[in-house]
Amino acid sequence: MRSQNEFSYGGDATVKRPDLNKEISDQEWDNFVYNRKSLRGKHWELWQHISGCRQWIKVERDTATHEIFMTLKANEEISL
Amino acid sequence: MSTISALANVHSTGQFGDCENKNDNLLNISEIKNLLIVQIVQYKNSSISFESIDIDGLNLKDEPLSVVNNNETRILWNGPKNWFLISTKKDLLNNVLEVFKETDFAVTDLSHSRAIIEIEGEEAIEVLKKGCPFNFNTLEKNNSINSTYNGIAFTVDKLDNNPNKIRLFTLRSFGESLYHSITDASLEFGYKSL
């Protein structure tokens with residue numbers, strides 16, 4: 001078990017970059033770059049173990065209670 | 001040209017803190033110098049096996065906390081496919097560069113970019129507990145971790161259990177801050193600076 005102090009928040013883990021060379025609208029690009037939900041409750045997030053092994057991980061966390069439900073490696077898919 | 005150690009400006013010898021009537025139980029704090037420090041990272045797209053690679057009679061082990069060691073050399077697990085080699089044999093670097101091919105591994109000599117503090121004594125673990133969130137009751141002999149001490153990123157290498165003997169590595173530029181944090185936390189127990 002490691003302390004939260006060792007980790008650094010890395011953003012929403014559900015955001016996916018639009019496919020390469022795909023025609024996309026300004027709105028889609030806007031959503032990818034800027035627009036985020038500010039959820040209260042369960043949320044998939046990216047975290048980096050910045051003061052430890054430096055790996056990126058995906059964490060399902062309750063933003064209100066800070067309860068952690070599940071973690072995945074950065075390359076593993078989230079099954080919603 | 002002579003080299004200046006990372007803690008040359010702050011480390012001075014003597015007894016400090018609550019030292020009265022504690023001659024046998026004082027913490028010993030020293031700066032460790034002149035070690036070879038090498039970071040070895042296997043590239044993500046490299047598929048070669050590292051288990052069979054021999055460095056100073058040691059093989060890499062990709063297992064959290066693990067430290068493989070002999071009298072001169074210690075190889076600390078630093079993260080997945082990422083190791084920290086510490087050795088008193090300075091010429092081991094040539095051997096490391098030879099066995100770890102540059103197509104598969106990034107080998108970086110960090111000998112001059114780290115400050116190293118060694119604490120020895122029964123209360124060494126208590127000193128670490130004051131500033132680091134890691135549960136040190138679970139740290140065994142020949143284990144190492146990366147964590148923070150009062151917000152300073154550092155690596156802990158436990159060399160011995162009885163009495164506790166621990167080496168702390170931090171970036172050279174953080175060295176003085178970590179030294180002040182560690183010695184301040186040690187005043188309560190009394191320490192001998194060697």
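First the proteins, then the strands, lettered A, B, ... as listed; each starts at 1.
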Is the number of heavy atoms from other residues, nucleotides or ligands under 6.0 Å of B:Glu51 CD greater than 12? yes
Most heavy-atom pairs under 4.5 angstrom with chain A, which of B:Pro64, B:Gly79, B:Pro133, B:Cys132? B:Pro133
Just wondering, are more than 12 heavy atoms of other shown residues or ligands nearer than 6.0 Å to CD in A:Glu76? yes
Evaluate whether atom CZ of A:Arg36 has more than 12 neighbouring non-hydrogen atoms of other residues, nucleotides or ligands under 6.0 angstrom away. yes
One pair to check against side chain to side chain contact (heavy atoms under 4.5 Å, CB included): B:Phe154 and A:Ser51. What are the steps and the verdict? CA-CA 8 Å; B:Phe154 78 148; A:Ser51 300; over 6 Å; no
Check whether A:Arg2 gets within reach of chain B through its side chain, its backbone, both or neither, counting any heavy atom under 4.5 Å. side chain
Please flag which part of B:Asn78 lies under 4.5 Å from any non-hydrogen atom of chain A: side chain, backbone, both or neither. backbone
Flag if over 12 foreign heavy atoms under 6.0 Å of NZ, B:Lys33: no
Tell me whether the count of non-hydrogen atoms from other residues, nucleotides or ligands lying under 6.0 Å of CZ in B:Phe105 goes above 12. yes
If you count heavy-atom pairs within less than 4.5 Å of chain A, which of B:Thr148, B:Asn82, B:Asn146, B:Thr138 leads? B:Asn146
